[in-house]
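Structure record follows, encoded as C-alpha cells.
The sequence lines fix the lettering, A, B, ..., with proteins before strands; numbering per chain opens at 1.
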Amino acid sequence: MKASIFPIFTLKDDPSDAEILSHKLMIKAGLIRKLNAGLYTWLPLGMKLVSKISKIIIEEMNNIGSMEILMPSIQPADLWKESERWDQYGPELLRIQDRHERDFCFGPTFEEVITDIIRKEINSYKQLPLNLFQISTKFRDEIRPRFGVIRAREFIMKDAYSFHSNQECLNVTYEKYKSAYINIFNRLGLDFRIVEADSGNIGGNESHEFHVIAETGEDDLLLDDSMVGMNVEIAKRKYGHDNIDDILKEKNLKHVKGIEVGHIFKLGDKYSSKMKAMINTKESQNINILMGCYGIGVTRIIAAAIEQNSSNDGIIWPEALEPFKAVIAAIDGNKNSEIKKYSEEIYQMISKDNNLDILLDDRDLRLGNKINDYELIGIKKILIIGKDETTNKTITLKINNDKKLIPINELLSYFSD
RNA sequence: CGGGGUGUAGCGCAGCUUGGUAGCGCGGCUGGUUUGGGACCAGUAGGUCGUAGGUUCGAAUCCUAUCACCCCGACCA
C-alpha cells in the first residue's frame, strides 16, 4: 500500500474533546473522527483494524459452526411489542417513524429479528441446533456517550445467536462460544478475564462477561487467582454484602477495572415463548426453542487494546492488530529518482512478491515527520532508504531505537515469524 | 436529569476583566534553499467570533435566551 493512496490523517496536537489515552490516540493517529456525540467516522486506518478483528471473529465463529448473516439495522416496532421490550427498553432505544408514520427503531440488539427469522424457517428439532451471527452497526442512545468508541452510541458489534431443542444442547453450545471467545481474545493479544455477570436487559439465566483489564475500564471486577471472577453486582448478591472492601477481605479477592468486550447469555425461552418460536419434538409435541446469544464489541476492542498497551507518543499494537508489517521510508524519494526507484523495488519484493502488508511512504515529508507518524500509528518495523542504501543495495531497519544496516538479500528473513 | 467547563481560521489556542470591527502556533497554497528524528526564507489564501435577540454611536468582549460539545454523577454492553 502506498501512502499516497492510503491517507494518513495524523494530528500534531491533542484533540480538545478527548480525555482518555485511547480516545486521544485514535483521533491523533487518524483511526476515527467524531461526527457528533458518540458517533464516529472510521477512517481507512481505523477500518483496517475493524477488518482485522472481524476476520479473526469470523474465523472463530465458523470454527464452532456459526454462520454469518446480516440483518437490517432498522427494525419494526411490532416485533419489539411482541417481546414486550418496546415498553421496557426505555429511551436508550432510538425510535423512529417512516413516511407512513409507522414505528421503527434502530436496532440496539437483534433478539427480536433473529427470533422472527427462526420461527418462520425452523419447524422441527431435526433442524437444530443452529448457529448464526452477524457483524453490524448497532445504535444505543446512551445517556452519556464517552471515552470515544468505548461508549459510543453507534458502534460495531458481533452478535451471535444459537437455537436448541433441549437445555443440554444449549449448555454445550454455550461452552463452545466461551472457548471461541477465549481463542479470539487470545489471538488479539489482549489481557482479559471472564466474569460471572448479570444478564440485564437482554435476559436469560446464565451469563458471562469478557473484560479487557484496563485502569480506565468502567466495570469493577472481583478476581481470585483463576481466570474466572465476577462483577461487582454478582459479588454483592452472592456474598450478601454491599461493601466491596468487606468482600475483598473476606474472600481474598482482587479488585480490578475492566472494559467489557464480550458478553454471552443463555436466553432459554425468553424470546421464543413471547414470540412463539416453536418446534416439533420427536414425540410430535410443540415446544419453545431454547436460545443463547453472544456479543462482542468489535469497535470497543480497538480502544481496549490501546488502553492496555500504549504510550503518549503512540499506539503499541498487539501483533495481530499491527496495521502494517513494516513501512518503507524513502529519504528525499520524490526528488532523487534513484532512491525512489530502489524503494519501489524493495516494496515490490516484500509486498507484492511475498504478500506482506507493507506501507510504502511516498509522501513528500522529512524523515522525522514520517517517523513520528509511524510511532503514533504503531508501525514497528521501519525500513529507511536513503542515498547510501540505494548505492550499496542495503536497507536500514529501525525498530524502536535500534538501527541495523542489512543487505537486501537478508531482508526477508526479518519478516519470517 | 443535577453539578462543572468550553464554543474565536482545517487543528490547538490567546483576546473578553476595563467595548473601538480579530491575533498567535501548527497546517494549507506559490516560489526557492533543504531532506539520516517534527527544517528555513519570502510571499499568499482562509474567520457571519456557536445561534438569536437586547444594551450602545460602536459588541468576540456587557445582558438575556437558546443550541452544541466535554468532564463528574445517576444509568448502561
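- Nearest nucleotide to the side chain of A:Ile331, out of B:U35, B:C69, B:A74: B:U35.
- Within a 6.0 Å sphere centred on CD of A:Glu168, heavy atoms belonging to other residues, nucleotides or ligands number 12 at most.
- Separating the CG atom of A:Leu11 from the C1' atom of B:G25 is a distance of 15 Å, rounded to the nearest angstrom.
- Judged purely by distance below 3.5 Å, without hydrogens or angles, the side chains of A:Arg153 and A:Tyr40 never pair a donor atom with an acceptor atom.
- Whole-Å rounding puts the A:Lys158 NZ to B:A77 P distance at 17 Å.
- OP1 or OP2 of B:C71 has at least one side-chain nitrogen or oxygen of A:Arg144 nearer than 4.0 Å.
- Across B:C16 and B:C11, the matching C1' atoms stand 23 Å from one another, rounded to whole Å.
- Of the candidates B:C75, B:G36, B:A77, B:G36 carries the atom nearest the A:Thr396 side chain, counting heavy atoms from C-beta on.
- Whole-Å rounding puts the A:Arg153 CZ to B:A77 C1' distance at 16 Å.
- Using a 4.0 Å cut-off, some side-chain N or O of A:Lys12 falls inside it from OP1 or OP2 of B:G27.
- As judged by a 4.0 angstrom heavy-atom cut-off over every strand, A:Ile385 is placed among residues making no nucleic acid contact.
- Across the C1' atoms, B:G15 and B:A59 are found 14 Å apart, a figure rounded to whole Å.
- In this structure, A:Lys24 places its NZ atom 13 Å from P of B:G12, rounding to the nearest Å.
- Contact check, A:Arg146 against B:G73: a side-chain N or O comes under 4.0 Å of OP1 or OP2.
- The side chain of A:Asp373 lies closest to B:G38 when the candidates are B:A77, B:G38, B:G37.
- To the nearest whole angstrom, the two C1' atoms, one in B:U35 and one in B:G47, are 34 Å apart.
- Side-chain N/O atoms of A:Asn336 include none lying less than 4.0 angstrom from OP1 or OP2 on B:U35.
- For A:Arg366 and B:G37, the shortest distance from a side-chain N or O to OP1 or OP2 is not below 4.0 Å.
- Between B:A39, B:C11, B:C76, one nucleotide has an atom nearer to the side chain of A:Asp13 than all others, and that is B:C11.
- Ranking B:G36, B:G37, B:C13 by closeness to the A:Ser16 side chain, first place goes to B:C13.
- With sequence neighbours left out, the side-chain contact (heavy atoms from CB on, under 4.5 Å) criterion links A:Ala330 to A:Ile339, A:Ser343.
- Using modelled atom types, one finds a donor on one side chain and an acceptor on the other under 3.5 Å when comparing A:Tyr177 with A:Ser66.
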Steps toward side chain to side chain donor-acceptor pair (under 3.5 Å) verdict (A:Glu112, A:Ser83): CA-CA 7 Å; A:Glu112 283 80 1; A:Ser83 71; 2.6 Å; yes

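- When the P atom is compared between B:U64 and B:C76, the two are found 38 Å apart, to the nearest whole Å.
- Heavy atoms of A:Leu367 sit under 4.0 angstrom from primed sugar atoms or phosphate atoms, though from no base atom.
- Closest to the side chain of A:Arg140, out of B:A77, B:C71, B:G37, is B:A77.
- Set against B:G36, B:C72, B:A77, the side chain of A:Ile384 has B:G36 as its closest nucleotide.
- When the C1' atom of B:A39 is taken as reference, atom NZ of A:Lys335 falls 12 Å away, rounded to whole Å.
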Listing, residues 29-36 of chain A side-chain donor-acceptor contacts under 3.5 Å, not counting sequence neighbours, or none:
| residue | atom | partner | partner atom | Å |
| --- | --- | --- | --- | --- |
| A:Arg33 | NH1 | A:Ile27 | O | 2.7 |
| A:Arg33 | NH2 | A:Phe9 | O | 2.9 |
| A:Lys34 | NZ | A:Asp17 | OD2 | 2.7 |

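- Nucleotides B:G46 and B:A9 are separated by 6 Å at their C1' atoms, to the nearest Å.
- Remark: the A:Tyr294 side chain and the A:Ser162 side chain contain an N/O donor-acceptor pair separated by less than 3.5 Å.
- Taking 4.0 angstrom as the limit, A:Asn369 places none of its side-chain polar atoms (N or O) nearer than this to OP1 or OP2 of B:G37.
- A:Arg151 has no side-chain polar atom (N or O) that falls below the 4.0 Å cut-off from OP1 or OP2 of B:C75.
- With P as the reference atom, B:G23 and B:C63 are 25 Å apart, rounded to whole Å.
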